[in-house]
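Throughout, numbering of the chain's residues begins at 1 and tracks the sequence. Fair warning: this is a prediction, and the values are worked out from it, not measured in the lab.
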Amino acid sequence: MKDLRNLLPGFLSRISGDPAVSLVFLQELWPQVVGPHVARWTRPEGLRSKRLVCRVLAPDWGEELAALAPVLIGAINQFWDAPLVDRIEFVVHLDPE
């Protein structure tokens, strides 16, 4: 039987055409995609036309994350093994819910 970790990249690549499904998986896999430190302060909230809307839970992180956007886009697309995202919009929202 194949290891699930070996199947995940192909599966993610296949679902990349469906933004709603991709967003659900991106939300669940977020700490593995961007790392636990960034994931602690951010949440993916929307995905449409390859634009990811990401909630930022600390106001001072907004500018720093905007500067890191190309790195995060690369990490997402590499994890997905597909061009899932081509831009990220960071929205500061202090309420974690």
Side-chain angles (χ1 to χ4, degrees):
M1 183 155 98
K2 288 189 175 183
D3 188 337
L4 182 59
R5 288 174 289 175
N6 294 332
L7 298 174
L8 192 57
F11 172 75
L12 294 175
S13 180
R14 283 193 296 280
I15 67 164
S16 66
D18 187 330
V21 174
S22 293
L23 178 61
V24 170
F25 279 89
L26 187 57
Q27 289 168 331
E28 289 299 316
L29 297 168
W30 192 241
Q32 288 109 334
V33 175
V34 299
H37 189 66
V38 172
R40 180 177 180 201
W41 299 104
T42 60
R43 304 281 184 274
E45 289 198 332
L47 180 61
R48 185 171 183 184
S49 301
K50 296 188 179 190
R51 179 180 61 92
L52 176 64
V53 176
C54 191
R55 180 177 14 161
V56 180
L57 303 174
D60 54 333
W61 270 78
E63 288 182 30
E64 190 171 331
L65 287 169
L68 285 174
V71 173
L72 296 174
I73 291 167
I76 293 165
N77 292 338
Q78 182 178 6
F79 194 92
W80 242 252
D81 196 26
L84 183 67
V85 174
D86 63 14
R87 61 189 185 273
I88 302 176
E89 177 184 337
F90 295 101
V91 179
V92 176
H93 190 288
L94 302 180
D95 181 10
E97 298 300 318

Run the side-chain contact (heavy atoms from CB on, under 4.5 Å) test against [X] and tell me which residues pass, sequence neighbours left out.
{"X": "Gln32", "answer": "Leu29, Phe79"}
{"X": "Glu28", "answer": "none"}
{"X": "Ala39", "answer": "Trp30, Pro31, Val34"}
{"X": "Gln27", "answer": "Leu23, Pro44"}

Would you kindly confirm whether [X] and [Y] end up in one hydrophobic cluster when ILVMFWY residues are joined by side chain heavy atoms under 4.5 Å apart?
{"X": "Leu26", "Y": "Leu57", "value": "yes"}
{"X": "Ile73", "Y": "Val53", "value": "no"}
{"X": "Val85", "Y": "Val21", "value": "yes"}

Handout entry: side chain to side chain donor-acceptor pair (under 3.5 Å) partners of Glu89, counting only residues at least two apart
Key =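 So Glu89 forms a side chain to side chain donor-acceptor pair (under 3.5 Å) with Arg51.
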Problem - Shortest non-hydrogen contact between Ala67 and Pro70, atoms and distance - result: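 Smallest interatomic distance, heavy atoms only, reads O-CD, 3.6 Å.
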Exercise for the section: Looking only at non-hydrogen atoms, find the nearest pair between Cys54 and Thr42 and report the distance. Expected result: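 Smallest interatomic distance, heavy atoms only, reads SG-CB, 3.7 Å.
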Practice task
Give the intermediate values and the outcome of side-chain contact (heavy atoms from CB on, under 4.5 Å) for residues Ile88 and Leu65.
Solution key: CA-CA 9 Å; Ile88 302 176; Leu65 287 169; over 6 Å; no
Practice task
Write out all pairs satisfying side-chain hydrogen bond (donor to acceptor under 3.5 Å, both in side chains) with one or both partners inside residues 57-77, taking only residues at least two apart or from two chains.
Solution key: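 Output for this query is empty, none listed.
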Handout entry: Derivation and outcome, side-chain contact (heavy atoms from CB on, under 4.5 Å), residues Leu52 and Leu72
Key = CA-CA 11 Å; Leu52 176 64; Leu72 296 174; over 6 Å; no
Problem - From Lys50 atom NZ to Ser22 atom OG, the distance as rounded to the nearest 0.5 Å - result: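 That separation rounds to 11.0 Å.
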Exercise for the section: Look up atom CG in Leu84 and atom CD in Gln78, then write down how far apart they are to the nearest 0.5 Å. Expected result: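 Going from the CG atom of Leu84 to the CD atom of Gln78 covers 13.5 Å.
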